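I have placed the structure first, in the form of structure tokens, so that the comments after it can refer back to it.
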Amino acid sequence: MSAAQPFLPVTSASRSTGFCPDRVLPFPKSGIGAVEYKNFSLGVADSRFHKVGVAPEDATIAGNAWCFVHNNGTPDRRFKDNEEIPICLYSNLQVAGLDVRFLASKSGVFDNLPERVTAMEV
């Protein structure tokens with residue numbers, strides 16, 4: 001996507017959202033929408049994600065956990081394939097007002113997005 005005005009696209013496998021100077025453009029599978037900035041807010045935070053399988057290359061590993069655990073946190077030995085799994089820090093972008101959340105495996109990737117959107121607003 002390109003435009004004559006500033007445009008910040010955020011895209012996932014199932015949804016795209018474009019941040020324009022005067023409004024946000026959600027692109028659901030069924031068409032297109034437009035929402036003014038006063039009707040939503042952006043929330044950015046890191047979240048801990050227990051990743052079964054191989055962790056993405058760009059993920060920050062915060063620690064390890066067992067796949068199956070007892071209430072006290074010790075591994076449950078009843079499961080013979082109980083393996084340690086990585087706990088990854090994922091970046092979480094919540095777009096309140098659109099009921100949209102984007103997760104990225106690279107921690108901090110959305111950190112400057114609210115400031116960039118604010119600087120772009122008309």
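Atoms considered below: every heavy atom in the structure, side chains included; atoms not considered: hydrogens, waters and symmetry mates. These figures come from a predicted structure and were not determined experimentally.
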- Message: Does N72 have more than 12 heavy atoms from other residues, nucleotides or ligands lying within 6.0 Å of its CG?
- Response: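 More than 12 heavy atoms, drawn from other residues, nucleotides or ligands, come within 6.0 Å of this atom.
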- Check whether any side-chain heavy atom of V95 sits under 4.5 Å from a side-chain heavy atom of R101, and report yes or no. no
- Message: Could you check whether any side-chain heavy atom of N64 comes within less than 4.5 Å of a side-chain heavy atom of I87, counting everything from C-beta outward?
- Response: no
Which atom names give the shortest non-hydrogen contact between [X] and [Y], and what distance separates them?
X: N92; Y: S47; result: CB-OG, 4.2 Å
X: V35; Y: R23; result: O-CB, 3.1 Å
X: D46; Y: S91; result: OD1-CA, 3.6 Å
X: L25; Y: C20; result: CD1-SG, 3.6 Å
X: R78; Y: D76; result: NH2-OD2, 2.6 Å

- Item | Pairs touching residues 47-68 that satisfy ring-ring contact (aromatic ring centres under 6.0 Å, His included), sequence neighbours left out |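 Residue pairs with at least one partner in residues 47-68: F49-Y90, F68-F79.
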- Task: Test side chain to side chain contact (heavy atoms under 4.5 Å, CB included) on I61 and C88 and set out the steps.
- Result: CA-CA 5 Å; I61 307 299; C88 302; 3.7 Å; yes
- Any donor and acceptor pair, going by atom type alone, linking the side chain of N82 with main-chain N or O of C67 inside 3.5 Å?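 Between the backbone of C67 and the side chain of N82 there is a qualifying donor-acceptor contact (under 3.5 Å).
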- Task: Could you tell me which residues satisfy side-chain contact (heavy atoms from CB on, under 4.5 Å) with V10, sequence neighbours excluded, listed by chain and number?
- Result: F19, L93, F102, F110, L113
- Message: Once rounded to the nearest 0.5 Å, what's the spacing between atom CG of L89 and atom NZ of K106?
- Response: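 It is 13.5 Å, given to the nearest 0.5 Å.
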